[in-house]
Amino acid sequence: MAASPIQAVFFDIDDTLIDDAAATRAGAAGVFDKYRDRLDGADEHLMQRWNTLLDHHFNRFLRGETSFIGQRRARIRDLFGLAPGQMPDAEVDAVHTAYEECKEGARRLLPDAIETLDALAGFRLGVISNGSSTQQRQKLASVGIRDRFAVVVISGDIGVAKPQSEIFQAACDAVGASPSGCMHVGDRLDVDALGARDAGLTGVWFDPRGRGGAPAGVPTIARLSDLPALASQR
């Protein structure tokens, strides 16, 4: 339990506020259609492969093994079954641009995101997200919630990513609150809930699929709209 009442609530973006899984499917489907003659396999197989590559290379980025752009280029080359030097960076980036354009058109807030933000109006609100600063800020703007947050802390801005404690501390400093007075919610148990907990915040796991397995003392919510009551109780 936090040592002091919660003053600030921080959110992850993807699959916490925004339905990134649905947007990812739309983006990948757009790539499959555009590059059909260069990809092998049915769409279902390609989608499974894309999701596997997305997780694999993004986790490499989180471990510091590659840059954000590097992980993005690597998963596109892997999708096409190419070695690192077989597709020029400019061509890889063009594939990613097509992917992002399709994602942008499909990007939506999760159903209870606005309800939750409204109910938390008495708290200082912020975002802690991994990724490109431009890209993550654009996501917030595109769904109309950028102005809801007093602070937006992106790993691309500060050079350190969740679950490292420095990014959580930077967000706490930005709102002028101690970690014990802050709460962070996200859909990844390890990166969000446990990372926040280890940095001294109240880490909350958003687990809408009911996967379970959070250690004792880590609050879990199945609906984002359960968060305001939890924040008020701390």
Side-chain angles (χ1 to χ4, degrees), residues 12-107 127-140 142 152-168 186-195 209 211:
D12 175 49
I13 297 177
D14 297 325
D15 292 320
T16 301
L17 290 168
I18 293 173
D19 189 351
D20 191 64
T24 294
R25 289 192 295 272
V31 168
F32 304 158
D33 286 343
K34 183 170 184 175
Y35 297 93
R36 181 73 58 190
D37 60 335
R38 298 175 60 180
L39 294 168
D40 295 326
D43 281 4
E44 181 179 356
H45 169 74
L46 290 170
M47 193 67 72
Q48 291 174 347
R49 179 166 174 75
W50 178 255
N51 287 331
T52 298
L53 291 171
L54 190 75
D55 287 344
H56 170 68
H57 287 294
F58 196 72
N59 284 332
R60 290 179 57 234
F61 161 68
L62 292 180
R63 294 193 298 267
E65 297 171 5
T66 185
S67 66
F68 183 76
I69 293 176
Q71 62 85 27
R72 188 174 72 189
R73 289 171 173 166
R75 61 180 146 97
I76 290 172
R77 286 190 173 99
D78 282 356
L79 176 70
F80 284 87
L82 301 173
Q86 287 187 283
M87 181 186 285
D89 286 348
E91 188 175 348
V92 174
D93 293 343
V95 176
H96 185 265
T97 296
Y99 169 68
E100 283 297 330
E101 287 174 349
C102 292
K103 278 189 74 173
E104 181 68 24
R107 189 166 287 129
V127 163
I128 306 174
S129 178
N130 288 339
S132 158
S133 178
T134 300
Q135 182 183 63
Q136 296 303 85
R137 292 173 191 275
Q138 174 57 32
K139 288 179 184 179
L140 296 174
S142 70
V152 176
V153 178
I154 310 293
S155 65
D157 285 331
I158 66 173
V160 64
K162 296 181 294 184
Q164 297 178 67
S165 62
E166 290 87 350
I167 192 168
F168 295 104
D187 67 297
R188 291 192 58 166
L189 175 60
D190 53 349
V191 171
D192 290 302
L194 299 185
R209 290 184 285 167
R211 290 166 289 178

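Side-chain polar atoms of His57 and Asp78 form a donor-acceptor pair below 3.5 angstrom.
To the nearest 0.5 angstrom, Thr66 atom OG1 is 12.5 Å from Asn59 atom CG. One finds the CG atom of Leu79 at 11.0 Å from the OG1 atom of Thr52 (value rounded to the nearest 0.5 Å). How far CG of Leu62 is from CG of Asp190: 8.5 Å, rounded to the nearest 0.5 Å. Here the straight-line distance linking atom CD1 of Ile18 with atom CG of Leu140 works out to 5.5 Å at 0.5 Å rounding. Here the CD atom belonging to Gln48 is positioned 12.0 Å from the CG atom belonging to Leu53, to the nearest 0.5 angstrom. Distance check, rounded to the nearest 0.5 Å: OG1 of Thr97 to CD of Glu104 gives 12.5 Å.
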Would Phe168 and Val160 count as a side-chain contact (heavy atoms from CB on, under 4.5 Å) if you check the C-alpha gap in whole Å, the side-chain angles of each, and the deciding distance to 0.1 Å? CA-CA 10 Å; Phe168 295 104; Val160 64; over 6 Å; no

Tell me, with the steps shown, if Lys162 and Asp12 meet side-chain contact (heavy atoms from CB on, under 4.5 Å). CA-CA 10 Å; Lys162 296 181 294 184; Asp12 175 49; 2.9 Å; yes

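The shortest heavy-atom contact between Val191 and Asn130 is CG1-ND2, 3.9 Å. Here the closest non-hydrogen pair linking Val92 and Met87 is CG2-SD, 3.3 Å. The shortest non-hydrogen separation linking Arg72 to Asp93 is NH2-OD1, 4.1 Å. Smallest separation of non-hydrogen atoms from Arg60 and Ala74: NH1-CB, 4.1 Å. Nearest heavy atoms, Ala106 versus Ala26: CB-CB, 3.5 Å. Taking each heavy atom of Gly27 and Lys103 in turn, the nearest pair found is CA-CG, 3.7 Å.
The pair Arg77-Asp89 counts as a salt bridge, with a side-chain nitrogen and a carboxylate oxygen less than 4.0 angstrom apart. In summary, Lys139 and Glu100 do not engage in a salt bridge, as defined by a charged side-chain N under 4.0 Å from a carboxylate O. Taking 4.0 Å as the cut-off between side-chain N and carboxylate O, Arg188 and Asp14 do not count as a salt-bridged pair.
Residues Arg25 and Trp50 are not in side-chain contact: their nearest non-hydrogen atoms beyond the backbone lie 4.5 Å or more apart. A heavy-atom distance below 4.5 Å is not found between the side chains of Glu166 and Ile158. Contact annotation: the side chain of Arg73 never approaches that of Val95 to less than 4.5 Å [non-hydrogen atoms, C-beta and beyond]. Side-chain contact between Phe61 and Ser155: present, with at least one pair of heavy atoms (C-beta onward) separated by less than 4.5 Å. Side-chain contact between Arg75 and Phe58 is absent, with no heavy-atom pair separated by less than 4.5 Å.
Surrounding CZ of Arg209 are at most 12 heavy atoms belonging to other residues, nucleotides or ligands under 6.0 Å away.
Using a distance-only test at 3.5 Å, with no hydrogens or angles considered, a donor-acceptor pair links the side chain of Thr16 to the main chain of Asp187. In this structure, the side chain of Gln86 engages the main chain of Ala83 through a donor-acceptor pair within 3.5 Å. Formation of a donor-acceptor pair under 3.5 Å by the Gln136 side chain with backbone atoms of Ser133 is not found in this model. Proximity of a side-chain donor or acceptor of Asp43 to a complementary backbone N or O of Ala29 within less than 3.5 Å is not detected.
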